[in-house]
Amino acid sequence: MGASSSGLLDQARISHVKGLVDSKFQTFSEFYRQQYSVAYFEHLHQEVEPKKERRGLLLTHRPQYPPEEVLYQGNVKLSCWDEQGKKCRERYVVLRRGYKVEIHDNLETFSRGGAAKLVLQPAGGKVFTSEEESRAHLEKTCAAILNGVKEDSSSVVSSPDVFAVYLHLPYMGHTCFLFQQAEERYHFLSGLKTCIRHCGLDPWSDSSHEKQAFSRALRLFRQDKGRYESWEMLLGTEEQVLASQVMEELLPWLQSQLQSKVKGKKTERIRLWLATVQATYSLVLEQLTAALEVLREECRQTASANQALIRANLDEIMSSHCFLEQKITACVSEEVVKVCSDSVAPYMPSILEALTENISSGIVGMQQILHTEMDSAFSGSKGGTEDTKKALSSLSSISLDQSFRQVENLAEKFEELKQRFELSSAQRLIHSAHLEMEQLLDSAVYTLEQFLQSSSRLQPSQVPVRLERAKERVLKQLDYDSRVVQRRLYEETLLEITLPSLTRRMDDKWKSELQQFEKHIFSDYSSFILIRNVYDGVLRNMLSKEIEMVVQDAASKKTNNLLLDTSDLAISQYSLLGQTPPRSAPGSPANQARRSSVAPRDDQETAAVVEDKSQTEPDAETKSEPRTGQSSEQIVSPVIVVTQQFDEEAPQIKEEVQIGADATQTAAESSNSDEAPDPTSKPESTIPDAPNQSADPESTIPDSPNPPA
């Protein structure tokens with residue numbers, strides 16, 4: 001904090017800020033203590049009865065990158081917001097997988113392992129590449145303190161001969177990075193945007209009970225003030241999120257205090273205001289960081305003390321919870337249906353259309369880019385180790401900027417939703433979609449990399465076959481995973497957008513009447529069963545069912561074939577490198593659903609999206625003879641159990657076909673042991689013109705076995 005800012009934020013104002021922060025934190029801490037007990041109880045209950053897992057993905061997830069891995073490093077000229085008018089200084093900037101912006105004095109100090117002179121936390125940051133956009137955002141941020149002051153030509157340092165990047169951080173001013181070449185700026189900008197996305201959302205990828213307690217407490221803390229939206233606020237660490245909530249209430253007070261103090265030209269007014277806001281935010285963040293750590297430790301000790309009570313009475317607590325849930329559902333369900341049909345459901349199709357139009361096009365663009373780059377990277381490859389490594393390295397550095405820009409169009413589409421559904425920003429949704437696309441691409445490249453590890457031991461003539469089929473399998477599984485991810489993202493987004501509106505309308509009538517249900521809770525369990533939580537859960541579950549119907553309806557109509565029709569998701573448990581999915585029976589709903597959305601491949605190979613051969617070979621599946629006396633109706637849900645064993649030479653696949661319990665018993669009674677097929681035998685491959693597998697087990701990709709007709 002400079003001299004000017006210390007004059008504006010004097011001791012009296014500092015004391016007022018600390019008192020306000022303490023008051024807000026005390027209110028928040030009450031919600032947090034309550035939610036921590038409930039979240040810890042749910043955590044213990046999940047240990048005993050794990051929740052049903054979400055639909056699995058087929059591609060193999062890459063292990064976490066080491067945090068010290070460098071995304072970008074280089075000499076950059078830069079200037080901070082409080083140094084405008086001064087000559088830009090050259091610094092050595094480093095972006096790592098820790099997703100922070102490190103600014104060192106020079107390359108020498110960085111090479112010696114010295115600490116960075118300045119570290120920026122880019123969560124929630126906005127990036128601009130033009131001086132006009134940066135100035136417009138800056139003036140919008142400082143609008144309340146400018147009071148219509150005329151334009152000052154020297155407000156921003158002009159840089160006509162260089163390529164600039166302007167990074168604006170919440171309550172922390174902005175920094176200008178200058179580059180001599182457009183390509184250098186492009187690499188830095190790509191790494192910087194990656195840091196912003198990960199720094200904002202990675203803290204919330206952990207679904208621990210402490211994260212759940214914080215997000216629920218934040219939602220109730222905001223609802224207590226009449227603000228029902230909270231999902232888009234979860235950017236950055238818990239301390240940063242809570243500090244932003246406090247700053248929302250502090251800024252109007254600061255403006256009233258400094259309105260008459262800030263004078264001079266526009267540049268000076270902006271500088272003084274940014275200095276004061278930064279000093280206030282640093283003070284708030286420091287105070288909340290210490291207070292939150294104390295609160296967490298207190299809640300951990302309380303939870304540990306209650307652990308024995310919870311474990312001893314887990315069934316009884318759950319019974320009370322279910323009984324209360326049924327009571328509340330019976331009371332509010334009619335009103336929920338009415339509010340949902342009048343104020344929420346009519347807008348869901350248009351929201352879903354906006355999501356599919358932008359996110360789906362971005363993901364399809366990503367798939368096309370990968371397909372093109374794979375063909376280009378392996379076009380001249382001879383299959384050697386070095387050639388393969390070089391090709392995979394080029395795939396790991398694919399740029400998705402064009403696909404990302406398609407998703408960013410959502411910001412304009414959602415403008416009209418801001419007032420109706422209290423959506424303050426689409427930034428979190430856009431960043432979530434970007435991270436999903438980034439993860440899908442990375443998993444596809446990693447899966448291909450794992451599969452091609454043994455290609456160097458093949459004969460040169462076998463490499464092209466191995467390579468083409470590996471590429472085909474990876475692209476198929478990427479297509480399936482993309483559809484699953486999209487559907488999950490659409491359902492979560494619809495829920496987070498529409499739930500605040502439903503809750504607000506329901507609270508107008510039911511918030512004051514919830515106390516009548518307290519008589520159904522035993523006093524010993526009152527810390528683990530909160531009426532408000534049960535009530536919110538009922539609203540969420542009922543709305544989720546409505547959303548699933550809307551999404552399924554859109555998928556069944558085939559108005560957008562990028563939506564996954566999940567009528568048969570049995571293959572989601574299989575992966576390319578381990579298990580192989582079973583084929584669906586001819587004419588099954590799964591095959592009929594996929595027939596309209598998945599183009600058939602020439603090799604007819606089982607992959608992420610199982611293809612229907614019944615269109616070209618109607619009698620293909622009837623060629624295998626059934627067991628004696630066993631009808632096709634008696635065999636239900638064949639389960640393919642595939643285990644994979646690797647040795648140093650080549651992957652050996654061991655496959656085993658098991659029939660469900662009822663079908664097995666029926667088969668045993670009606671067939672002779674000599675007529676039963678050997679469960680360990682490998683079924684005949686259905687891929688035409690496949691190389692001889694007995695000659696070289698590595699030369700082909702194992703196909704799924706054909707279940708008995």
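Note that the numbering runs from 1 along the sequence shown for the chain. Atoms considered below: every heavy atom in the structure, side chains included; atoms not considered: hydrogens, waters and symmetry mates.
Separation of atoms CH2 (Trp204) and OG (Ser432) is listed at 12.5 Å; rounding is to 0.5 Å. Here Tyr535 contributes atom OH and Cys331 contributes atom SG; the two are 11.5 Å apart, rounded to the nearest 0.5 Å. Within the model, atoms CZ of Arg532 and CD of Gln223 stand 5.0 Å from one another, a figure rounded to the nearest 0.5 Å.
Aromatic pair His209/Tyr36: ring centres closer than 6.0 Å.
Checked by atom type and distance alone, the side chain of Ser205 pairs as donor or acceptor with a backbone atom of Asp202 at under 3.5 Å. With Ser23 contributing its side chain and Gly19 its backbone, the two residues share no donor-acceptor pair below 3.5 Å.
Residues Gln35 and Leu530 have side chains in contact (heavy-atom distance under 4.5 Å, counting atoms from C-beta outward).
The local environment of NZ in Lys225 is crowded, with over 12 non-hydrogen atoms from other residues, nucleotides or ligands closer than 6.0 Å. When the shell of 6.0 Å around OH of Tyr65 is examined, it contains more than 12 heavy atoms from other residues, nucleotides or ligands.
The existence of a salt bridge linking Arg13 and Asp10 is confirmed by a sub-4.0 Å separation between a basic side-chain nitrogen and an acidic carboxylate oxygen. Salt-bridge check for Asp536 with Arg540: failed, with every basic side-chain N at 4.0 Å or more from each acidic carboxylate O. Salt-bridge annotation for Arg296 and Glu293: present, with a side-chain N of the basic residue lying under 4.0 Å from a carboxylate O of the acidic one. Salt bridge status for Glu438 with Lys193: absent, with no side-chain N to carboxylate O gap under 4.0 Å.
Taking the six-membered ring where the residue is Trp, Phe517 and His520 present tilted rings, their angle falling between 30° and 60°.
For the residue pair Ser244 / Gln240, no side-chain donor-acceptor distance below 3.5 Å is found, with atom types taken as modelled.
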